[in-house]
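One structure, pasted below without further comment.
Just the heavy atoms: all of them, side chains too, but no hydrogens, waters or symmetry mates, feed the values below.
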Amino acid sequence: MNNKEKRLKKNNHNKSSQNRRLFGQWLFFIAIALFVILILRFSYIAIGGTVEHINLSSQARRLYTDNKVLKAQRGSILDASGQPIAEDTSTYSVYAVLNKNQVGTNKKPLYVTDKKKTAKVLAKYLPISEKKALAALNPTNENTFQVEFGTAGKNISVATKEKIESYKLTGINFIQSEARLYPNGTFASNLIGITSQATKKDSDITQLKGVMGIESAFNNKLTGTDGQRSIQKDKFGYQLPSSQEEKSAVNGQNIYTTLDTRLQTLLESEMTKVQDQVHAKLMTATLMNAKTGAILATSQRPTFNPTTKSGINKAWSNSLVQDTFEPGSTMKVFTAAAAIDSGHFNAKEKYKSGTYTIGNQVVPDWQTSGWGLITYEEGFARSSNVSMAHLERKMGAKTWKKYINRFNFLKSTDSGLAGEASGSMQFTYPIDQADTAFGQGIDVTDMQMLQGFTAIANNGKMVKPQYIKKVVDTDTGKVTDEMKTENLGKPVKSSTAKKVRKLMEDVVYKSYGIGQDFKIPGYKVAAKTGTAQVVGSGGTYLNGNDSYLYSVVGMVPASNPKYIMYITMKQPTLPATKTATQLLNEIFSPVMKQALGENNSTAKNQVSGKVKIANMVGEASDTAVKDLGKQNIAATVMGTGSTVTQQSPVTGTEMLAGQRVILLTSGQMKMPNLSGWSRNDVLKLTDLVGLEAKFSGTGFVKSQSIKSGTIVQNGQTLTVKLKQK
């Protein structure tokens, strides 16, 4: 090897050594860098406790923590005396396991083994045929793990679940869910409203949420706050000592309405009877305490059953506040009041009835030939449109509009219910202004009319209609909100209101008055009827016998009204044998008589004749309550079952309308609120459930020793204090 080759070899060796040294240095620095990064990363995790935005501490706690939600109970909605209208309950859904690999201890099958027997039992207690049940149990896919039974297998009551379980069918299971019970069935349904299941925000937990009526308007008060129970566990799943933490659930508040169950039940019954005759597009009726504005009963047709949801597709709106209409001649109450109050009404002055020309437009009376020259007071009793048009012209449009505003038309009553309408008015031309004087060309709501009528009934003082009596904390019993009569001012003088009521008396008692059907023996009635043409979808008035809205307002007793009742009937098909006023009176008279009777303990049950009680044993409890309600008999259900097992009084007993029947079912019995009950009704209850009754005083129940809602035990003593109303 020559020197040149030796030098080349040496250079190559030195170069390789240098490369290895450089590579080693880089590897060392990379290792150091990675080590530093790892140290920093571990330090970050140790200090911050998060990885990929996940808190490791929280994740570990979740891994070793058993959390259980403590469900809050939704508050109840009750009538004025504390009887439940809406309350929490549980329903069940049924499903069947078909997978034959599902076995329990001792190889006990947890799947359906006898499909024919199972189908037969399910068909007996659920709204499904045996054939359909069997088809569901034999799906086309042989690998189906489990099956359900559609709507027939949902919303099952506790009693029905227990009956199915009594057959000890293998593979049949139930899932419990929160539900809302409306024990009275159709009962001011559009005011009370309904609930639906909703998922809580940022959670998979469901809870009931109000979607209409009081259930919606007071959802925040009715909805409670769920609690939570947490238990810390070790890695083997055992509870750590003293590790349990619990936050109690806060139940929703109870809402007491102003509704009177007896009056509401009777109103529902009479509304149904009339609706079955006339099939009106819309019918409403409301009874109100004139002095306080408390709504005692209210209903509409069409309506729905909130438990079954039957009919709800045609009755989504609450007509009390959401539907507007032209009121027709009941508006004349306010026109007369405005004319009297502003000094433009001379009762004895005469005018020519029949027609009245304003510009090139004609205002006609309902009898276009008129009644000749008549006084304005007679014109009111005859419901003359011409008389009102003359009065509006005498006042002037500016003055008339001022009184429309004084009576708070064209603005919301602030009822608190969703979707309340404000109304509207056509008031541009003289003919428009005259039309509003007899209730055409102005849109109002039932609530606005009721509010305005209070000013006439209360000698000029207008009060706000209200439907909530009080709100009560369910845990403490403390009243958190209580109804107080809300004075809205005096649209007219006291003397004016008295004169208007006198004109309304003439409608009922004068020989030419058109409201003679509304007489009530023993009481003077002040009333005003109304007939308004209905506007069609094209914006023009409809023609024909079935194109009117008929209405009546009644105030009793006329000299100092305690009650106001307002009824509307839109586009009914009138039977040939009855007039609109006769049909309206079929609702007005029995309900007003009942209200007057309840206000007078000596005439408490003077509404109608005797009713013979049918056999309710074996009937569904909700059906029995509904059937008794149709006979104007109140019913109280004791127990949580769905089928009546006993009743008091027994079958065939004759009772007076307004009295009470006690229906016994299976399950736990809770003491009802007895406020306002008669001694006889209390005895029916105690005899049936095995309580000993002790009374003091006379009249109707004022207080009770066993608190409402308490579970009743056989043999307990119930002490009741009675007091005359």
Discussion item. Is a donor from one side chain sitting under 3.5 angstrom from an acceptor on the other, for Glu268 and Ser299?
Written reply: yes

Worksheet item: Can you find a heavy atom in the side chain of Tyr548 that is under 4.5 Å from one in the side chain of Gln533?
Response: yes

Give the table of side-chain donor-acceptor pairs shorter than 3.5 Å for residues 452-462, with sequence neighbours excluded, one pair per line with atom names and distance.
{"unit_1": "Thr454", "atom_1": "OG1", "unit_2": "Gln451", "atom_2": "O", "d": "2.6"}
{"unit_1": "Thr454", "atom_1": "OG1", "unit_2": "Val463", "atom_2": "N", "d": "3.0"}
{"unit_1": "Thr454", "atom_1": "OG1", "unit_2": "Val463", "atom_2": "O", "d": "3.3"}
{"unit_1": "Asn458", "atom_1": "ND2", "unit_2": "Ala290", "atom_2": "O", "d": "2.7"}
{"unit_1": "Asn458", "atom_1": "ND2", "unit_2": "Thr454", "atom_2": "O", "d": "3.3"}
{"unit_1": "Asn459", "atom_1": "OD1", "unit_2": "Arg501", "atom_2": "NH1", "d": "2.9"}
{"unit_1": "Asn459", "atom_1": "OD1", "unit_2": "Arg501", "atom_2": "NH2", "d": "3.1"}

Practice prompt. Give, for atom OG1 of Thr436 and atom CD1 of Ile404, the distance between the pair rounded to the nearest 0.5 Å.
Written response: 4.5 Å

Worksheet entry | Within 45° cone of Phe380 ring axis and under 6.0 Å: Lys332 NZ or CZ | no

Fill in: NZ/NE/NH1/NH2 to OD/OE distance under 4.0 Å, Glu420 and Lys411
no

Discussion item. Nearest 0.5 Å, please: how far is NZ in Lys499 from CD1 in Ile340?
Written reply: 6.5 Å

Fill in: Qualifying residue for ring-ring contact (aromatic ring centres under 6.0 Å, His included) with Phe334, from Phe409, Trp400, Phe438
Phe409

Practice prompt. State, without any angle test, whether Asp365 and Ser353 hold a side-chain donor-acceptor pair at a distance under 3.5 Å.
Written response: no

Practice prompt. Look at the aromatic rings of Tyr356 and His390 and report parallel, tilted or perpendicular, splitting at 30° and 60°.
Written response: parallel

Response to the item:
Residues pairing under salt bridge (charged side-chain N to carboxylate O under 4.0 Å, His left out) where one sits in residues 274-292, two or more places apart or in two chains, turn out to be none

Worksheet item: What residue pairs, at least two apart or across chains, pass salt bridge (charged side-chain N to carboxylate O under 4.0 Å, His left out) with a residue in residues 334-359?
Response: Asp341-Arg406, Asp341-Lys493, Lys348-Glu377, Glu349-Lys394

